[in-house]
Amino acid sequence: LGLQLKIPLLQLLNSYTMPLNSVLELYDQTVARDKFDEILGGGDKAIFLILGNTAAHQALAAAAAPEAVNWRWVVIVANYQWLNPTLANLKVTDDPPIPAIGSWFAVCINFSTDIVEIYTDDDGSNIVPCFLLASSKSDNETEDN
Amino acid sequence: MKRKIISRKGWLILFILVSITTVSEAQTNKHTVPVKSGVLQLVEWTDGGKQIPVTGQTRIVEPNSVLHVLIDKDSLKKILSGNVMGQDVSDELSLLNAMLSKQAEAIKNLNEAISLYNANKPAAVWQKPLQNNQAFVRLILHNNKDKDARAIYNGLAHKPGDVIGEFQNLFTTAQLLIPKILNQITVQAKAQGVYVQLGAWLDAGKNSAPIHIEGFDEYLPQTPSSVERFQVVLTQDQQAQLDSITVLSQTANQQGLGAAIKQYAGNAGQGIAQKLKDLPAYKEATLLVASVENISAQDQQALGALKATIDDSYQAVTGYVADIDALIKKYSATPGTTDAGQLLQQVNSDISQLITESQALQTKLQDNAKTIAAQLSGLAGTIKTQVTAIKAGVDSLGNAIKNDVQNLGSAGDLFRQLVIGEQLTNLSHDFTDKVHQLSLDNLPDTALVDLSTAGKRDQGDHVIVKLGTGKPGETAKERFNQSYALYFCSIYARTAVGFLFVNPTPIFKRTDNTALFRFAPSYSILLKGFWADPIRSRQSLSYHTFWDPGLGLNFSSLDFKGDGSMSLGIGGVFSLFNDFLQLGYGVNTFDGRGYAFLGFRLPIGAFSIH
């Protein structure tokens, strides 16, 4: 009974103590890569990265924004090529076949800065699963903990 | 000097008692080790209307109860999942169930991570509890092969940014996914012809009989009967024992205890002789000899080439009958002075030899039966009928010997059966073609094993409940197999016959010319089953099979003077060890003298004292 009471209470508290992170918009080629590298460098963020600047990309970013709480971050970059070669060097742990980088619509990056899922469309139902999957280190790093 | 509370001998006796209890418990447990399976849950409904759950530790049920069997189909499907759907699905089901059992812990981990994060703790600190939850996330959102889980998850409502709610949805998904997979198993199992069988058997003595379970088999229920809870009148066996003990007591009072025991050993020989006479093979062999002898001289000529084979069989069987006759004669004439140890050694040796001889005869008869069968077509008329009957007799004898040897197993087994009275068991609990093979979708949720329609039974018998599953062309696998001993677990009454050592005169008042003990036949009416807790009373087998205490009244036929003039003694009695030991104090109703007594139930087994 204690636990049952405790969980809703914590939920209530958390709903007040979870400030939204603003969506990080990388629309400037000169700062995009540095800023992105800086975010990745912390190893403390679950990132939903949207790669493009069309209306569909903007809509997906808007849909993802309310989920950007605590360690969850939404990043939108106008052109994926601005983040090369950083993106190309990230390890992809999603199941094969891995689509060509040019077809990536959004990706999901975990605390180990591995790409855990790649999305090739604007399906908003991927947002929450992405954050859940990205909220951890990769298996090969868990030993370090 | 410091006084010892328990002497060395006392400790030794205590050690022996504890050892016997442990061995007794272990031996009986061997019969009742539960299969760790959750496919069946049983509840015992007693004839008194109580409902008592049957747990993994339950070893006993009452003999007049009804067992309500609940079939946990989900557990059954989980067990079958690997075979029906493959190991992946089986593993997934196990993981989903494990995940659900850890929901509270996982939510706690997530809350802890959020609190630590908000407290600006280092990433390594707040990430650790998250890491513990990752297996659940991956199981639902990544590992599920057909993406069913993810589709279910995406269909669940959540508030944007509600991290806890989104996480809880993983467990809701698991709850929704499990029945979906179980349903797929049902469909697949049906397509593959997977069936389930449920059966129950009553092991009464050395006989095992199936118990009808409505909806699960085609057996007929036995006429309803109940095991008497309050038995206050001696059974026929007990009356016979009382008669025997009366004779034994008279002999002991008049000629001494030693003479009485010698007479007892002589009677053991008679019992062995009777057992040999009762051997099925002996009876069959006697019949066969008679039917061969019935063939007239004229017919014998018509036998032609078969004559030699029939003569050979006749000689072998006659020799076999003669050997058993000799044994019967030997043991019938066993003198009362024979030492019990020597007698047992003789029995052991003779039975060993008999088994060897039986096996050789069986081989010979098998060969001869083949020869007879091959040449039978050459005969006609009466002689063909007679030889056909002989062949049937040879076959029948062969089978009887086979059964005898199988049942006896070894000379040691027969020895036990003859001398100690332990019944040999060759109990089969196989599903026959009368037990329905039910598909998962046709499987009822419950079943009733009604012991009142199980047939004649008594305390100490066993009821076996078994569930198996199979596929066409494969051997059925046992998924549940449990045996429960039948004993009353609340107050009941039983009579007991005893051979009493009566001490009518206190030791310090005894004169030199009077015996320390007089001997007397007695019977007691004992109340048993003193238990407060219905659960514990069904767990301790040793209470019923070893300690078995009783409290009640003892009636004895006393001969204090040793002159054959009998008087009635009535007393209070406490019994232990299945009434093998009885202690009490009584009063001679004739002269009013009090007496203490020590009684024994004599180990009368397959034979009785005449």
Side-chain angles (χ1 to χ4, degrees), chain A residues 1-21 41-46 62-72 74 93-95 108 110-112 116-117 123-139 141-145, chain B residues 102-147 149-171 173:
Chain A
L1 182 67
L3 193 62
Q4 282 173 342
L5 287 174
K6 208 184 282 178
I7 290 170
L9 184 65
L10 283 168
Q11 267 180 263
L12 192 66
L13 290 173
N14 282 332
S15 67
Y16 288 104
T17 56
M18 285 187 204
L20 282 174
N21 299 318
D44 58 354
K45 292 176 181 60
E67 299 294 344
V69 292
N70 300 326
W71 52 84
R72 298 171 169 192
V74 176
T93 60
D94 199 1
D95 293 333
C108 178
N110 70 3
F111 297 153
S112 301
V116 291
E117 284 201 337
D123 185 355
S125 69
N126 289 321
I127 298 165
V128 174
C130 161
F131 280 128
L132 286 168
L133 286 164
S135 296
S136 74
K137 284 183 175 289
S138 296
D139 286 343
E141 287 199 35
T142 52
E143 293 298 315
D144 302 336
N145 287 333
Chain B
K102 293 187 175 175
Q103 179 171 3
E105 190 186 326
I107 302 281
K108 194 178 155 199
N109 282 339
L110 182 57
N111 277 309
E112 187 187 348
I114 293 169
S115 299
L116 291 168
Y117 178 87
N118 289 336
N120 291 321
K121 297 289 179 189
V125 175
W126 58 261
Q127 282 176 357
K128 194 166 185 179
L130 284 179
Q131 202 67 40
N132 294 334
N133 288 349
Q134 195 52 206
F136 305 138
V137 177
R138 292 184 69 81
L139 178 64
I140 297 296
L141 298 177
H142 188 80
N143 293 353
N144 185 251
K145 297 274 179 213
D146 52 11
K147 307 289 180 197
R150 188 138 170 174
I152 294 171
Y153 181 85
N154 287 339
L156 296 173
H158 68 93
K159 221 168 68 178
D162 176 10
V163 177
I164 303 287
E166 289 163 0
F167 188 70
Q168 273 178 330
N169 277 352
L170 293 171
F171 295 90
T173 304

_According to ring pair (Phe, Tyr, Trp, His ring centres under 6.0 Å), who are the partners of F167(B), at least two apart in sequence or on a separate chain?_
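If we apply the ring pair (Phe, Tyr, Trp, His ring centres under 6.0 Å) test to F167(B), skipping adjacent residues, the hits are F171(B).
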Could you pull out the closest heavy-atom pair between [X] and [Y], with the gap in Å?
X: S125(A); Y: N154(B); value: O-OD1, 3.2 Å
X: E67(A); Y: P160(B); value: OE2-CA, 3.4 Å
X: L133(A); Y: Q134(B); value: O-OE1, 3.2 Å
X: E117(A); Y: L141(B); value: OE2-O, 4.2 Å

_Would you compute the distance between atom CD of Q131(B) and atom OG of S138(A) and round it to the nearest 0.5 angstrom?_
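Atom-to-atom, Q131(B):CD and S138(A):OG are 8.5 Å apart.
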*CZ/F111(A) to CG/L130(B) distance, rounded to the nearest 0.5 angstrom?*
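Separation between the atoms: 5.5 Å.
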*Which is it for V163(B) and F131(A) under the side chain to side chain contact (heavy atoms under 4.5 Å, CB included) test, yes or no, and what are the steps along the way?*
CA-CA 9 Å; V163(B) 177; F131(A) 280 128; over 6 Å; no
*asked:* List the residues meeting side-chain hydrogen bond (donor to acceptor under 3.5 Å, both in side chains) with D44(A), not counting sequence neighbours, and say none if there are none.
replied: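 Expected list: none.
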*State, with a plain yes or no, whether a side-chain heavy atom of H142(B) is found less than 4.5 Å away from one of D95(A).*
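H142(B) reaches D95(A) side chain to side chain.
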*W126(B) and N70(A), any side-chain heavy atoms less than 4.5 Å apart*: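 They are not in contact (no side-chain heavy atoms under 4.5 Å apart), so the answer is no.
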_I'd like to know which of S135(A), G43(A), P129(A) tops the heavy-atom pair count under 4.5 Å against chain B._
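Ranked by contacts with chain B, first place is P129(A).
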*Taking E166(B) for the side chain and L132(A) for the main chain, is one N or O donor matched with an acceptor at less than 3.5 Å?*
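Between the backbone of L132(A) and the side chain of E166(B) there is no qualifying donor-acceptor contact (under 3.5 Å).
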